[in-house]
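Below you'll find the structure, written out as structure tokens, and then a few comments.
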Amino acid sequence: MFNRRQKHILLKFFSMFSVVRGYNILIIVIAQYLTSIYILAHDKPLKSILFDINLLMLVLASAATIAAGYIINNFYDSEKDLINRPNKSKLDRLVSQNTKLSFYFVLNFSAVIMASYVSFNAVLFFSVYIFGIWFYSHKLKKLPFIGNLTSAVLTILPFFAIFLYYKNFETVIFVHAVFLFLMISMRELTKDLENMKGDLLLNYKTIPIVYGEKASKVMLSLLILLTSIPVYLLLYRYDVGHMDLFFYLSVILLLIFLLLLWKSNTKTHYLILHNILKFIIVAGVFCIVLINVNVVLNRI
């Protein structure tokens, strides 16, 4: 059994883990490595990727920057989260704001140090990335369209860092990136629908607040239509191996999403829609291995 002090430390740990969304960061780390192995550096020996110190530093720098981003986002959104996510907010508040800010600066400093191991360009990249996350959390997220667009761009930037490292300019990579960008854009707009109560009370100018729920649903429907373009290309123009199963599943789930969207009008409904999109994104990460199930065995 834990004593009182140990319980207190454990609660603090879970609180900080909740603030930095540790589970999301783990998914991003896995996604960066799988993307490197199966897409960006598919012609390189497996060992050269897994034991590449520069790649490790880029992945760790990305993880540190994203964790810091979640902290600063939590710092600015503390009042809104009390309304939209009261249970999570109670857990997050077990760690003081001063402690969170201290972790924020330590993580960002660590990211820059790790990036400096790779190159000066990497330092510049992560410095701009850190500033971008802060500026988004402080100003841009309260604005319609700009906030959603910036959030989607910031989410895919860690993969852009790996892309620049390997300098692989195959067209199929850009098509994958467009699919991911559109999925994240849909997720961000769905989150805005889910969080309308807190956004309205704290004067956040999100798309649902400024233009209404119906307009937001029309935009989501258009985004789904746009998503069909990269899906079609990945299924019929490029060889994605058995990952085609994932894209067929995505089409089915997006059609279900579209049907439910126009019947949704409560926070619970939008939460379900949010989880459908989140499932597609996370499933897409692990389905990368389906591009070529023998690729690892052939490259050991």
Side-chain angles (χ1 to χ4, degrees), residues 20-21 23-32 34-35 39-40 59 62-63 65-67 69-70 72-74 77 128-129 132-133 135-137 140-163 172-195 199 204 206-208 216-234 243 246-247 249-251 253-258 260-261 270-288:
V20 302
R21 312 278 181 90
Y23 40 87
N24 282 358
I25 293 171
L26 179 61
I27 293 295
I28 291 169
V29 168
I30 293 171
Q32 285 180 300
L34 290 180
T35 301
I39 300 175
L40 295 174
V59 171
S62 298
T65 305
I66 294 164
Y70 280 128
I72 201 67
N73 195 55
N74 178 274
D77 278 356
V128 172
Y129 190 26
I133 291 174
F135 193 57
Y136 162 76
S137 300
L140 298 182
K141 76 175 302 179
K142 297 181 180 181
L143 304 175
F145 295 108
I146 295 174
N148 297 72
L149 180 64
T150 306
S151 178
V153 170
L154 290 172
T155 302
I156 64 172
L157 271 182
F159 299 96
F160 189 67
I162 309 299
F163 165 77
V172 66
I173 293 169
F174 291 97
V175 181
H176 275 286
V178 170
F179 173 78
L180 178 60
F181 177 80
L182 290 171
M183 290 301 305
I184 292 169
S185 297
M186 280 191 277
R187 181 172 170 259
E188 290 301 318
L189 184 48
T190 306
K191 279 169 62 180
D192 286 342
L193 285 165
E194 183 188 341
N195 296 329
D199 290 341
Y204 279 50
T206 60
I207 292 173
S216 301
K217 291 178 180 181
V218 170
M219 290 177 201
L220 278 167
S221 302
L222 289 173
L223 285 171
I224 289 174
L225 187 62
L226 285 173
T227 305
S228 66
I229 298 173
V231 167
Y232 172 81
L233 292 173
L234 289 166
M243 197 180 178
F246 163 75
F247 290 111
L249 176 64
S250 296
V251 170
L253 290 175
L254 286 173
L255 289 175
I256 293 171
F257 176 93
L258 189 60
L260 293 176
L261 174 66
Y270 294 128
L271 177 61
I272 292 169
L273 293 174
H274 178 194
N275 285 333
I276 290 173
L277 295 176
K278 193 171 183 178
F279 174 79
I280 293 173
I281 293 169
V282 174
V285 169
F286 293 99
C287 286
I288 290 173

Q. Atom CZ of F257 and atom CG of N275: how far apart are they, to the nearest 0.5 Å?
A.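 Spacing of CZ (F257) from CG (N275) equals 11.0 Å.
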Rounded to the nearest 0.5 Å, how far does NZ of K278 lie from CD1 of I276?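 It comes to 13.5 Å.
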What heavy-atom pair brings [X] and [Y] nearest, and what distance separates the two atoms?
X    : Y    : answer
V20  : I25  : O-CD1, 3.2 Å
Y136 : G147 : CE1-O, 3.3 Å
S250 : I280 : OG-CG2, 3.7 Å

- Query: Do the charged groups of K191 and E188 touch, with an N to O distance under 4.0 Å?
  - Reply: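 Result for this pair is yes, salt bridge flagged.
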[Y] side chain reached by [X] side chain, heavy atoms, under 4.5 Å:
X    : Y    : answer
D192 : S216 : no
L277 : T190 : yes
P158 : Y129 : yes
I28  : T155 : no
L233 : V178 : no
F160 : L157 : yes

Exercise. What's the verdict on side-chain hydrogen bond (donor to acceptor under 3.5 Å, both in side chains) for N195 and Y204, showing C-alpha distance, side-chain angles and the deciding distance?
Worked result: CA-CA 10 Å; N195 296 329; Y204 279 50; over 6 Å; no
> Is it true that atom CZ of F279 has more than 12 heavy atoms of other residues, nucleotides or ligands lying nearer than 6.0 Å?
Replying inline: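 Not buried by this count: 12 neighbours or fewer within 6.0 Å.
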Check: Would the number of heavy atoms belonging to other residues, nucleotides or ligands and lying under 6.0 Å from CD1 of I146 be above 12?
Finding: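 Incorrect, the count does not exceed 12.
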Next on the checklist: Quick check against the 3.5 Å criterion: does S151 have a side-chain atom that pairs as donor or acceptor with the backbone of N148?
Outcome noted: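 Not confirmed, S151 side chain does not pair with N148 backbone.
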*Please test F181 against F174 for ring pair (Phe, Tyr, Trp, His ring centres under 6.0 Å), starting from the C-alpha separation and ending with a verdict.*
CA-CA 10 Å; F181 177 80; F174 291 97; over 10 Å; no
* **From T206, L220, I207, D199, residue fulfilling side chain to side chain contact (heavy atoms under 4.5 Å, CB included) relative to L193** =>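 Going through the options one by one, the only one that passes is L220.
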